[in-house]
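For reference, the structure discussed in these notes is given below.
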Amino acid sequence: MLATATHDHKRGEDVRARLAVLSAVPRLWEEAVGRWSRMADECGADIHPADRYQLFQTLFGAWPASADQALPEDFPGRVSGWLEKSLREARLRSSWEQPEAGYEADARKLLHHLLAKPEFTRDMGAFVARLLPAARADSLVQTVLKFTLPGVPDIYRGSELEDLSLVDPDNRRPVDYARRLRLLDEGDVAEGEKMVLIQRLLRYRKDHPDLFALGSYRPLCPAGPRAEHIFAFERRHAGVRLCCAVMIRCGRILTEQGTLPPAQWWSDSRLEGKVDPMAAEMFASTPYFINLSE
């Protein structure tokens with residue numbers, strides 16, 4: 001089974017896709033944490049640096065996508081629930097057996113201090129917006145691999161759209177299926193890009209079940225100056241071939257450009273065999289390339 005989210009995950013699959021980008025832009029993240037730490041110091045709460053740091057990570061990962069979007073009313077409560085469980089399950093400064101009420105109260109005080117501070121919410125919103133192109137690319141790449149690599153893909157309830165859920169019970173909230181049906185009917189790629197992609201991949205699996213259940217798997221070697229930024233493979237069965245290539249390790253260029261890399265960045269990078277298009281063509285409009293031929 002290929003699962004990217006479950007009833008027991010601590011951070012939803014798209015929260016983790018965002019967090020994965022941070023390793024590509026360590027200087028930006030270091031600067032952001034420095035700014036937020038100075039704002040946190042104003043609160044006066046004596047919170048361990050590791051707990052403060054993890055709070056910054058979670059706020060970044062679960063923050064609403066739009067930089068100018070007001071926080072949903074339930075957002076502070078959702079993060080507060082995650083915070084309590086995080087502290088207790090770490091069993092370092094609190095625990096389920098012996099809850100440290102005073103420390104947990106100070107941690108909540110810090111959270112609410114940050115969320116009530118316009119300087120922080122503006123900064124966090126802008127930082128999320130800056131890294132969003134890279135995070136969404138990671139999310140789409142993760143989705144493609146889940147549905148095309150050998151194995152059986154599993155979709156956890158609600159994760160067809162952007163999944164910014166946190167630990168249970170947050171990841172078990174009611175799912176707005178009416179919204180999902182509407183987006184599918186309208187073919188809304190802007191809002192439902194991941195779900196439209198899932199629909200396409202499920203159609204492939206339905207139309208060619210033997211390819212995905214019995215087909216061979218062979219890695220394809222990329223070549224050229226950007227070879228390290230391409231992961232590719234093919235699957236074959238009974239005359240049907242699936243070629244899949246995805247962008248990897250592109251967080252920095254996506255953040256710098258704010259969009260997919262230009263053709264000149266890829267130069268003459270391509271896959272082995274010269275059967276498939278050049279990388280610049282494969283990744284001209286999406287961070288993935290899927291071609292199914294018979």
Side-chain angles (χ1 to χ4, degrees), residues 5-23 25-132 135 162-173:
T6 73
H7 68 286
D8 200 34
H9 67 237
K10 308 308 178 187
R11 290 164 168 164
E13 61 184 57
D14 294 302
V15 174
R16 301 196 309 276
R18 285 190 188 179
L19 293 175
V21 176
L22 298 179
S23 62
V25 288
R27 182 62 59 84
L28 292 180
W29 175 242
E30 180 182 17
E31 293 171 352
V33 169
R35 295 192 301 272
W36 302 337
S37 294
R38 289 189 289 274
M39 297 180 204
D41 288 341
E42 299 170 4
C43 174
D46 185 17
I47 301 302
H48 192 281
D51 295 330
R52 178 192 289 192
Y53 187 77
Q54 186 163 225
L55 175 60
F56 292 152
Q57 283 187 329
T58 297
L59 287 172
F60 164 71
W63 201 265
S66 175
D68 58 357
Q69 180 178 336
L71 291 174
E73 291 184 3
D74 65 346
F75 187 75
R78 290 176 53 216
V79 180
S80 181
W82 164 84
L83 184 57
E84 177 186 84
K85 200 160 192 177
S86 172
L87 293 173
R88 293 186 181 184
E89 296 196 353
R91 304 185 70 180
L92 295 173
R93 285 163 286 279
S94 189
S95 68
W96 292 110
E97 295 82 5
Q98 293 182 308
E100 291 292 337
Y103 187 82
E104 292 180 4
D106 281 346
R108 288 192 297 272
K109 177 183 177 183
L110 173 60
L111 167 63
H112 292 292
H113 165 78
L114 293 172
L115 296 183
K117 193 174 182 62
E119 182 184 359
F120 175 81
T121 57
R122 285 194 301 268
D123 195 347
M124 177 63 78
F127 188 76
V128 168
R130 186 174 184 182
L131 271 61
L132 207 55
E162 188 176 51
D163 176 17
L164 301 180
S165 62
L166 299 172
V167 69
D168 62 280
D170 190 63
N171 57 23
R172 302 174 191 177
R173 288 174 294 155

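All values below were derived from every heavy atom in this structure, side-chain atoms included, with hydrogens, water molecules and symmetry-related copies excluded.
Interatomic distance, CG of L114 versus CE of M124, reported as 8.0 Å (0.5 Å rounding).
At least one side-chain heavy atom of V33 sits less than 4.5 Å from a side-chain heavy atom of Y53. Between P64 and L71 the shortest side-chain heavy-atom distance falls below 4.5 Å. Between P99 and E84 the shortest side-chain heavy-atom distance does not fall below 4.5 Å. Under the 4.5 Å side-chain criterion, counting only non-hydrogen atoms from C-beta, L92 is not in contact with D51. Contact of the W63 side chain with the L164 side chain is not registered, since no non-hydrogen atoms from C-beta on lie closer than 4.5 Å. Within the 4.5 Å cutoff, side-chain heavy atoms of D8 are placed close to those of K10. Put simply, the side chain of I47 does not reach to within 4.5 Å of the side chain of R93, judged on heavy atoms.
Considering D168, L166, V167 in turn, L166 is the only one that fulfils the side chain to side chain contact (heavy atoms under 4.5 Å, CB included) rule with D170.
Of the possible donor and acceptor atoms, one in the side chain of Y103 sits under 3.5 Å from a partner among the backbone N and O of H48. Side-chain N or O atoms of T58 include none that pairs as donor or acceptor with a backbone N or O of L55 at under 3.5 Å. R78 places no side-chain N or O within donor-acceptor distance of the main-chain N or O of A62, the cut-off being under 3.5 Å. Using a distance-only test at 3.5 Å, with no hydrogens or angles considered, a donor-acceptor pair links the side chain of R172 to the main chain of H7.
Remark: R52 engages D41 in a salt bridge, criterion side-chain N to carboxylate O under 4.0 Å. Contact check on R88 versus E104 returns a salt bridge, with a Lys/Arg side-chain nitrogen under 4.0 Å from an Asp/Glu carboxylate oxygen.
Scanning both residues, L59 and L115, for their nearest heavy atoms gives CD2-CD2, 4.2 Å. For A65 against R18, the heavy-atom pair with the smallest separation is CA-NH2, 3.8 Å. The two residues E13 and A5 make their nearest non-hydrogen contact at OE1-CB, 3.7 Å. Between N171 and H9, the closest heavy-atom pair is ND2-O, 3.0 Å. For M39 against H113, the heavy-atom pair with the smallest separation is O-NE2, 3.0 Å.
By the 30° and 60° cut-offs, the orientation of the rings of F60 relative to W29 is tilted.
Around the CD atom of E97, the shell of radius 6.0 Å holds more than 12 heavy atoms that belong to other residues, nucleotides or ligands.
Side chains of H112 and S80: a donor-acceptor N/O pair is absent below 3.5 angstrom, by distance only.
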